[in-house]
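If you're wondering where the values come from, they're calculated on a predicted model, not measured in any experiment. Protein chains get the first letters and strands the later ones, always in sequence-line order, with residue 1 at the start of each.
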Number of protein chains: 12
Amino acid sequence: MPDNSTFAITHLVGTSDVGLDDAIKNGIRRASESLRNLDWFEVTDIRGAIGPMSEVRQFQVTLKLGFRYDS
Amino acid sequence: MPDNSTFAITHLVGTSDVGLDDAIKNGIRRASESLRNLDWFEVTDIRGAIGPMSEVRQFQVTLKLGFRYDS
Amino acid sequence: MPDNSTFAITHLVGTSDVGLDDAIKNGIRRASESLRNLDWFEVTDIRGAIGPMSEVRQFQVTLKLGFRYDS
Amino acid sequence: MPDNSTFAITHLVGTSDVGLDDAIKNGIRRASESLRNLDWFEVTDIRGAIGPMSEVRQFQVTLKLGFRYDS
Amino acid sequence: MPDNSTFAITHLVGTSDVGLDDAIKNGIRRASESLRNLDWFEVTDIRGAIGPMSEVRQFQVTLKLGFRYDS
Amino acid sequence: MPDNSTFAITHLVGTSDVGLDDAIKNGIRRASESLRNLDWFEVTDIRGAIGPMSEVRQFQVTLKLGFRYDS
Amino acid sequence: MPDNSTFAITHLVGTSDVGLDDAIKNGIRRASESLRNLDWFEVTDIRGAIGPMSEVRQFQVTLKLGFRYDS
Amino acid sequence: MPDNSTFAITHLVGTSDVGLDDAIKNGIRRASESLRNLDWFEVTDIRGAIGPMSEVRQFQVTLKLGFRYDS
Amino acid sequence: MPDNSTFAITHLVGTSDVGLDDAIKNGIRRASESLRNLDWFEVTDIRGAIGPMSEVRQFQVTLKLGFRYDS
Amino acid sequence: MPDNSTFAITHLVGTSDVGLDDAIKNGIRRASESLRNLDWFEVTDIRGAIGPMSEVRQFQVTLKLGFRYDS
Amino acid sequence: MPDNSTFAITHLVGTSDVGLDDAIKNGIRRASESLRNLDWFEVTDIRGAIGPMSEVRQFQVTLKLGFRYDS
Amino acid sequence: MPDNSTFAITHLVGTSDVGLDDAIKNGIRRASESLRNLDWFEVTDIRGAIGPMSEVRQFQVTLKLGFRYDS
């Protein structure tokens, strides 16, 4: 981070029916459509939904995303 | 949640002079004026203000609200 | 607790469309149908679902329930 | 809070056989008999006792109470 | 969750020598042999065992699993 | 743990009027009457009850117990 | 706890050069000299001091003590 | 807080090459360029970057900022 | 700490319009007017109030203070 | 663990541009170059860096590694 | 601690087949063979292994140990 | 961080009789005498010692320090 700059943090849940890595990437890709300058992420929760055949229907990864304020 | 969709999370403090249930409802109602597709909430803090007669002047409930990104 | 007795702990989510107190009571009532000697509870999470009119559709209270092992 | 004033914090458990809001109010009312200038509260634990009919016999809410030091 | 239904939570450790996604799936599959109506999961701990060649011998994922009480 | 096996976790409160070590042992002994293959424990809370002479009437140790699913 | 009664909580550090059980008892005994109606305790931290021979010079157990408000 | 009003919470990282107080002030000043009615803050993380001479190159303070919804 | 002595813990919020160090010192100075033998402190929360010009109107530092029981 | 043996714990951040499993393995492999007898790991944080195309440039997994003291 | 001195912290797991006090002492004794100036400890986790007769085969206490940097 | 590099983490307590910023700098400076490539820090605890005149005798800041493994 450049000195004295300020970073905003946004929170979201990325999901995937494939796995954790993919859920992280999906969440960041979706956020990048409306937010510029994404810089780092942190995973704060890992959850998921189970389907009728007891398969993992959806991995859900809660993310904090840091990005530079536009100047 | 539909597969691979992304959910944003917003944080706010709902308040009430009646009680906890009402503070939750007030916070969600106010958020719904500017956010569509609200889906779930989580309570992360319960606080309040005490008035001069030692009555509870205000219940304050910190909420995380999840909502679908518009597509 | 009687000295040297052992208490089991079970975890569940009680729900209600009315409020937090009711969600706690519903969860305990349901657990009491299969567990005897329920003794105490602790609330570990408060969450909920929001309906299409931005109303609280369901309060969800995660509970730890302590009960004496039958002897 | 006025600038540079100091606030003391006391901890207690308010109880009720009615519900959470009532347990908070009972705890604050009782504390106000010996403490002046109560200003805010925070709920740090929610627990309770279950009676022989599996009813909630007592809601127990652990509170932090902030109050101004007398000057 | 249907309104006013109750969900039980069970805790287990799913393991795998492949990776985290596989450990989650293995744990859920094994639980589904004795529990019906599995609905959601949450990861609360990620640990593992290291073998004599400093390879990851076993990924261990602690899970909370929610399921509907049979009615 | 053998590779890809699954471990269940149960929670209980072991008690003793002697001390912490004894409370842990009492809880595990009692659990072993109904659960086979107990493998490890973790202490998550230490509490107790105080008697009329301000003596420790009961040490209460909350335990997580891991055990292999029967196969 | 009797219904609707209020419990105060005090915090202290009990110490011992013998061990954890003794540190808990010492802390409660000392508190009982100034506080009546002690009812329960909870251990929130376990620390200690190490002496010049690398022996444990002092076990330090941080306690929350609950007691009934005099009425 | 006025009764029944709602407060939004935003998260950001304020930085400074001077120290913690300055990092807090920089973060709030920057946020105030786009948010009105800032009311309170909470520090949730303190981190920083170290430069090639082992000097603190940047203090980084993660903040929660509360502000009133415009009405 | 002398062996087997007992330490009480009190909680308070020290404030300052200057910065964190000053808020800590103000809280301890105020507590020392009524408590003797203050020995150590721990910071458990850092919060503050923001004024109408988006300046930090007040730094608020929650402290645990340990002190020897008078003997 | 053999009875009465002692285990040291070291902390590190393993990284990967592929995913979480790979970041865990990379961190353990690198640690094994200087530490013998690695026995278990625990993941305590999951973070990462985002690149200019909003792709995950680096997965960062903070690990606790346990290993037997050489005797 | 002398003013402006620096203390290092190391983490380890002390074990015992006797009990918690003994596990703490064993861990510190082992660490003192390679580290001088040990000053304080903190217990961060209490775990253990259960043997085939459901006896506690090993108490495992995770410790943080503080020691002065040699000068 | 360069891709796939590994970072070690060390823990220490920096101290100062001046304030928090100075305690952070003192701890990092001392660590840099024996560790190269220090990259980032995180504050995990803020404590201190109080002197006989109720002045802050020592600020104590627990730090996690990340540094690149030499290659």
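- In this structure, chain C has a heavy atom under 4.5 Å from the side chain of I46(B), while its backbone stays farther away.
- Closest of all the heavy-atom pairs between L63(C) and G27(C) is CD1-CA, 4.4 Å.
- Proximity of F41(B) to F59(C): side-chain heavy atoms (C-beta onward) are separated by under 4.5 Å at one or more points.
- The side-chain heavy atoms of V56(C) and I28(B), taken from C-beta on, include a pair separated by under 4.5 Å.
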Is there any N or O donor on one of chain B and chain C with an acceptor on the other under 3.5 Å, and could you list each such pair with its distance?
{"unit_1": "D21(B)", "atom_1": "OD1", "unit_2": "L20(C)", "atom_2": "N", "d": "3.0"}
{"unit_1": "D39(B)", "atom_1": "O", "unit_2": "I50(C)", "atom_2": "N", "d": "3.0"}
{"unit_1": "F41(B)", "atom_1": "N", "unit_2": "G48(C)", "atom_2": "O", "d": "3.0"}
{"unit_1": "F41(B)", "atom_1": "O", "unit_2": "G48(C)", "atom_2": "N", "d": "2.9"}
{"unit_1": "E42(B)", "atom_1": "OE1", "unit_2": "R47(C)", "atom_2": "NH1", "d": "3.0"}
{"unit_1": "V43(B)", "atom_1": "N", "unit_2": "I46(C)", "atom_2": "O", "d": "2.8"}

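- Residues in residues 17-39 of chain C take part in no ring-ring contact (aromatic ring centres under 6.0 Å, His included) pair, two or more places apart or across chains.
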Q: Test V61(C) against L20(C) for side chain to side chain contact (heavy atoms under 4.5 Å, CB included), laying out the working first.
A: CA-CA 7 Å; V61(C) 179; L20(C) 299 177; 4.0 Å; yes

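- Taken to the nearest 0.5 Å, the CG atom of L65(C) stands 9.5 Å off from the CD1 atom of I9(C).
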